[in-house]
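Reminder, nothing fancy here: chain letters follow the sequence lines and each chain counts from 1.
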2 protein chains.
Amino acid sequence: MSTIQDVARHARVSVSTVSNVLNGRADRMGRETLARVEAAIALLGFRPNRAARQLKTGQAGMLGLLVPSIANPMYGAVAREIESVAQERHGLRVVLGNTYRDPDKEAGFFQDLLEHGVRGVVVISSLQDERHLERAVDRGLVVVSVDRRASPGSDSRVDHVSVDNAEAARLATECLIGHGHQRLAFVTAAGQTMSRSEKIRGFRAACAAAGLEADAMVVDGHTRSEYGDAEMAELGRAEALRLAALRQRPTGVIAVNDMLAYGLMAGLRDAGLAVPRDVSVIGIDGLFLSALVTPALTTVQLPLPAMAVTIVERLVGRLADAGVPTGEFLFQPTLIERESVAAPRRVGAARARA
Amino acid sequence: MSTIQDVARHARVSVSTVSNVLNGRADRMGRETLARVEAAIALLGFRPNRAARQLKTGQAGMLGLLVPSIANPMYGAVAREIESVAQERHGLRVVLGNTYRDPDKEAGFFQDLLEHGVRGVVVISSLQDERHLERAVDRGLVVVSVDRRASPGSDSRVDHVSVDNAEAARLATECLIGHGHQRLAFVTAAGQTMSRSEKIRGFRAACAAAGLEADAMVVDGHTRSEYGDAEMAELGRAEALRLAALRQRPTGVIAVNDMLAYGLMAGLRDAGLAVPRDVSVIGIDGLFLSALVTPALTTVQLPLPAMAVTIVERLVGRLADAGVPTGEFLFQPTLIERESVAAPRRVGAARARA
DNA sequence: TTGAAAGCGCTAACAT
DNA sequence: ATGTTAGCGCTTTCAA
């Protein structure tokens with residue numbers, strides 16, 4: 001690999017002239033000089049060493065991306081969008097980290113980013129509170145938190161980009177209600193707060209608006225502490241069995257996310273119940289897989305591409321100017337109707353029993 | 001962030017002494033000196049700047065990982081394993097890149113790695129030939145190619161880590177044959193060669209061994225050139241429709257991978273056919289999602305964790321010593337029987353007709 | 001046992 | 001318009 005010195009020598013100019021052309025200051029020199037430098041660069045196939053540049057400027061040209069597990073299709077989908085935007089629109093590469101819900105791994109990732117001089121990081125955290133993010137900010141990181149709202153009242157030093165989770169749950173709930181369902185369940189995973197309470201709020205609001213509070217249940221599934229990629233789906237499977245055994249079984253169930261919905265459908269099937277004939281199921285996320293499962297899953301889709309643009313832009317903006325205030329950015333989801341939701345059987349009878 | 005200078009000042013020693021403790025040369029100094037340095041490091045929370053270190057040593061402490069699309073669950077699963085091994089066993093971070101089957105994106109990734117000083121890269125390529133990998137090696141990269149065999153005869157300068165694809169297809173085919181199937185189809189995607197021909201070979205061999213060559217068909221699905229994450233599944237869906245319309249419809253079909261199997265099952269359902277009652281389907285990959293789909297997919301599982309260990313170890317080994325010869329590492333897959341394969345209906349009748 | 005000093009490749013202020 | 005030079009933070013001879 002040739003260096004800026006080699007280029008200078010070939011072009012018979014000083015290194016600072018070469019540096020000037022590298023950094024877009026071509027105006028500071030003669031046409032002929034510029035041409036000579038460019039020719040030398042091309043001839044040698046010279047590309048500046050970023051470590052050296054970084055040592056001087058402090059810019060690493062990379063972003064960190066922290067996810068619970070990249071094997072989870074939802075995070076894979078998010079990562080894909082973020083990597084594309086970072087690369088194509090800003091020339092930034094992304095360093096990936098899996099946390100497996102381990103605070104130590106999360107802290108270790110921040111530590112490594114700092115050592116590598118990477119100052120911007122996108123965090124899709126599963127951790128309960130965000131104090132560790134504020135600590136990361138103290139250490140010099142610029143962070144964007146995805147899919148978590150800022151804690152009310154606290155003016156955070158990290159950006160928050162998320163979808164309107166209450167609205168997403170409301171959309172899902174109304175879809176079920178619109179199809180005639182009156183006994184509803186919202187299934188979620190306890191402890192994994194990612195926007196969970198907002199969704200429960202939206203679910204409750206929609207039930208209340210339809211006068212269905214009495215028949216609305218929230219199921220907080222408990223999961224083993226170890227992190228597995230199939231964990232969410234396994235949880236759904238287990239909860240489906242429990243739901244199926246209920247005397248007053250819900251006819252429509254909303255899953256906190258698509259993965260859980262897949263598990264729910266598998267569990268319902270294990271219990272001998274058909275979706276949507278016996279129970280309707282609706283998810284939230286809009287994974288492309290949802291179009292493929294049997295039956296195709298009705299779900300509430302998140303606008304990931306638009307979110308990715310905002311995420312990266314916030315990071316780049318605040319990296320360039322630390323003075324930019326942090327903010328909260330909310331995106332609107334949309335309902336995608338497929339096959340997993342249908343009218344409940346014997347609506348009248350169910351109502352009479354209730 | 002404090003520097004090695006700050007530590008030296010605090011400990012009242014020279015920077016070289018601090019550097020010595022950082023690099024495990026504690027033997028070169030007095031007990032008391034070492035203690036002072038360690039205390040200063042702890043007090044300041046000092047961590048060496050990697051860009052500076054890299055400028056000196058040429059070691060970036062990172063690995064590149066190139067995948068067609070991280071939104072594809074298979075690559076997500078592989079990425080998860082590789083990131084874990086790299087991080088936990090070698091302290092290496094991973095830089096992720098999506099190619100979307102675009103040679104320019106692939107070349108751009110190599111270019112950026114080089115500029116960043118990252119010298120090791122894991123490539124899960126979708127490109128036809130591997131000459132671009134050899135070119136990357138010329139430029140100074142150490143590359144491990146995953147899930148492609150070395151071209152026979154050429155002694156490649158890149159390592160190849162893959163699963164025994166012929167065996168995987170053989171296992172899948174024998175599973176179908178074992179259940180009594182006699183009219184078989186192997187469905188794949190044309191042009192996406194990832195180990196495709198090896199699988200076809202395994203399929204053919206198993207069919208021949210059972211005297212079923214005449215009834216074995218290979219379907220090379222054509223897909224639009226644009227890359228989409230759902231592409232593989234969509235292809236399966238389309239091919240399923242075509243298969244369903246066949247006069248002599250196969251009773252058992254092998255999908256080149258699990259994603260395609262999902263699409264196949266969705267398409268079969270669209271055509272009014274039930275799996276496994278009307279058609280049995282088997283995949284290759286062993287994604288965790290396969291346990292969740294309806295019916296649960298019988299599939300041939302790849303030993304990803306073991307493969308990840310080899311992949312990273314090869315990279316690290318050849319990064320440390322460029323003299324280590326490259327090699328080919330083959331892993332054995334295992335069959336996982338679930339619900340998507342059953343005995344064909346009216347075996348005798350089908351046979352009579354054939 | 002410890003320290004001084006020369007870079008690694010680049011940027012940018014400051015000369016000329 | 002172009003060149004000289006002082007670092008950025010670290011590693012590693014080589015000397016003392």
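An angle of 50°, rounded to 10°, separates the two end axes of the helix from C/dT1-D/dA16 to C/dT16-D/dA1, each defined over five pairs.
With sequence neighbours left out, the side-chain contact (heavy atoms from CB on, under 4.5 Å) criterion links A/Ala11 to A/Val13, A/Arg36, A/Val37, A/Ala40. Residues that satisfy the side chain to side chain donor-acceptor pair (under 3.5 Å) test with B/Arg28, not counting sequence neighbours, are absent from this structure. In this structure B/Ala86 satisfies the side-chain contact (heavy atoms from CB on, under 4.5 Å) test together with B/Leu63, B/Leu92, B/Val94, B/Val312, sequence neighbours excluded. B/Thr99 is linked by a side chain to side chain donor-acceptor pair (under 3.5 Å) to nothing, counting only residues two or more places apart in sequence or in another chain. With sequence neighbours excluded, no residue forms a side chain to side chain donor-acceptor pair (under 3.5 Å) with A/Arg89. Here B/Glu106 pairs with nothing under the salt bridge (Lys or Arg N to Asp or Glu O under 4.0 Å) rule; sequence neighbours left out. By the side-chain contact (heavy atoms from CB on, under 4.5 Å) test, A/Arg53 pairs with A/Leu22, A/Asn23, A/Pro48, A/Thr57, sequence neighbours left out. Residues that satisfy the side-chain contact (heavy atoms from CB on, under 4.5 Å) test with B/Arg50, not counting sequence neighbours, are A/Glu115, A/His116.
For residues 7-25 of chain A, the pairs satisfying salt bridge (Lys or Arg N to Asp or Glu O under 4.0 Å) are A/Asp6-A/Arg9, with sequence neighbours left out.
Atom NE2 in B/His116 sits about 14 Å away from atom P in C/dC10, given to the nearest Å.
Of the possible polar contacts, one joining the A/Glu134 side chain to the A/Arg157 backbone as a donor-acceptor pair under 3.5 Å is found.
For residues 35-45 of chain B, proximity to DNA chain C is found at no residue, defined as any non-hydrogen atom under 4.0 angstrom from a strand atom.
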Assign a letter to each nucleotide of nucleotides 4-14 of chain D from its 5' end: B, base within under 4.0 Å of a protein heavy atom; S, sugar-phosphate only; -, no contact. BB-BBBBBB--
